[in-house]
Protein chains: 2
Amino acid sequence: MNLLFKALGDPTRREIIELLRKRDMNAGEIADHFSISKPSISHHLDLLRQANVVISIKEGQFITYSLNTTVFDEMVKWVIEVSDKKNKKTKK
Amino acid sequence: MNLLFKALGDPTRREIIELLRKRDMNAGEIADHFSISKPSISHHLDLLRQANVVISIKEGQFITYSLNTTVFDEMVKWVIEVSDKKNKKTKK
DNA sequence: TATATATTTAGGCAAATGTCTAAATACTTT
DNA sequence: AAAGTATTTAGACATTTGCCTAAATATATA
């Protein structure tokens with residue numbers, strides 16, 4: 001879960017996630033949305049892949065990236081749980 | 001939201017959050033749960049406070065820390081929204 | 001085969017992060 | 001007022017992060 005939080009702790013990477021939410025894209029298309037270099041985007045994509053937030057599939061000379069949203073489940077569960085205990089304490 | 005994700009991207013800080021879920025604690029009590037120095041814990045608490053995850057209240061010579069879970073709401077909303085690929089409309 | 005296109009890898013650099021010890025600040029008690 | 005307790009601030013250090021350019025790899029096309 002640490003890799004996931006770290007992955008989400010960068011605005012560029014969150015923007016990439018928001019892009020991929022609309023449709024799958026290859027690395028070049030993703031890079032075109034930003035003013036930083038392609039190698040830097042490639043690095044961000046690597047971190048997102050390590051955190052299992054995205055999946056990459058090679059298609060010819062392109063590499064298509066798509067979102068894997070299941071990885072968020074555990075995280076949301078943790079956050080809700082952490083929030084819930086506190087509520088319980090004040091509610092009861 | 002960046003400060004929040006960054007705050008959550010460290011295991012010690014997540015443990016602090018889990019501690020505070022059970023009950024409010026002062027800085028010394030929190031530090032006693034870890035093997036790292038008090039100044040380091042103080043720094044972690046500062047980051048959590050900057051991210052609005054905790055609130056600190058001075059009580060005599062102690063400083064009591066408590067969780068502020070409302071800050072998670074926006075984050076969970078973002079994650080859920082991003083996970084929902086079918087509804088691509090961005091609402092504010 | 002040679003050239004163009006897509007993407008990553010390598011290496012370097014400045015800034016941010018997480019840790020420490022020592023010192024400073026604030027409050028309490030004697 | 002002096003001493004003790006709680007916590008933070010300051011400064012240093014190694015590691016990580018995010019960015020860059022240049023080079024390498026892989027595929028497509030003339």
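Worth knowing before you read on, the calculation uses all heavy atoms, side chains too, and leaves out hydrogens, waters and symmetry mates. All values derive from a computational prediction rather than experimental measurement. Chain identifiers are assigned alphabetically (A, B, ...) following the order of the sequence lines, protein sequences preceding nucleic acid strands; residue numbering begins at 1 within each chain.
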Chemist: Is there a donor-acceptor pair closer than 3.5 Å between any side-chain N or O of Arg13(A) and the backbone N or O of His44(A)?
Modeler: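 Checking the backbone N and O of His44(A) against the side chain of Arg13(A), no donor-acceptor pair under 3.5 Å is found.
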Chemist: Can you classify the ring geometry of Phe72(B) versus Trp78(A) as parallel (below 30°), tilted (30 to 60°) or perpendicular (above 60°)?
Modeler: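 Ring orientation, 0 to 90° scale: perpendicular.
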Chemist: Under 3.5 Å, side chain of Asn68(A) to main-chain N/O of Val54(A), donor-acceptor pair present?
Modeler: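 Answer holds: no.
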Chemist: Spell out, as yes or no, whether a donor-acceptor pair under 3.5 Å connects the side chain of Ser42(B) to the backbone of Lys38(B).
Modeler: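 No: the side chain of Ser42(B) does not pair with the backbone of Lys38(B).
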Chemist: Short of 4.0 Å, heavy atom to strand atom, which residues of residues 58-67 of chain A count as contacting DNA chain C?
Modeler: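 DNA chain C contact set from residues 58-67 of chain A: Gln61(A), Phe62(A), Ile63(A), Tyr65(A).
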Chemist: Which residues, if any, of residues 40-50 of chain B bring a heavy atom under 4.0 Å of DNA chain C?
Modeler: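 Output list: Ser40(B), His43(B), His44(B), Leu47(B).
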Chemist: Quick check: does any side chain N or O of Ser83(A) sit under 3.5 Å from a backbone N or O of Val79(A), one acting as donor and the other as acceptor?
Modeler: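 Checking the backbone N and O of Val79(A) against the side chain of Ser83(A), a donor-acceptor pair under 3.5 Å is found.
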Chemist: Send over the distance from Ile57(A) CD1 to dA6(C) C1', rounded to a whole Å.
Modeler: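 Rounded to whole Å, this separation is 17 Å.
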Chemist: Are the side chains of Met75(B) and Leu8(B) in touch, meaning some heavy atoms are under 4.5 Å apart?
Modeler: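 Yes. Closest side-chain heavy atoms under 4.5 Å.
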Chemist: Could you check how far CG of Leu8(B) sits from P of dG18(C), rounded to whole Å?
Modeler: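 Rounded to the whole Å, the gap is 12 Å.
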Chemist: Say whether, by atom type as modelled, one donor and one acceptor occur between the side chain of Asn26(B) and the main chain of Ile63(B) under 3.5 angstrom.
Modeler: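 No: the side chain of Asn26(B) does not pair with the backbone of Ile63(B).
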Chemist: Heavy-atom nearest nucleotide on DNA chain D for Glu29(B) versus Lys38(A): which residue maps closer to 5'?
Modeler: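 The 5'-side residue here is Glu29(B).
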Chemist: Where do Ala27(B) and Leu45(B) come nearest, in terms of heavy atoms and distance?
Modeler: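 So the two residues come closest at CB-CD1, 4.1 Å.
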Chemist: Around atom CD of Gln50(B), are there more than 12 heavy atoms of other residues, nucleotides or ligands at under 6.0 Å?
Modeler: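 Yes.
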Chemist: Go through DNA chain D in 5' to 3' direction and return only the first and the last nucleotide with some atom under 4.0 Å of chain A's heavy atoms.
Modeler: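 Footprint of chain A along DNA chain D, 5' to 3': dT17(D) to dA28(D).
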Chemist: Rounded to the nearest angstrom, tell me the gap between atom NZ in Lys6(A) and atom P in dA16(C).
Modeler: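 Value for this atom pair: 15 Å.
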Chemist: Looking at Arg23(B) and Glu29(B), is there a salt bridge between them, counting it only when a charged N and a carboxylate O are closer than 4.0 Å?
Modeler: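 Result for this pair is yes, salt bridge flagged.
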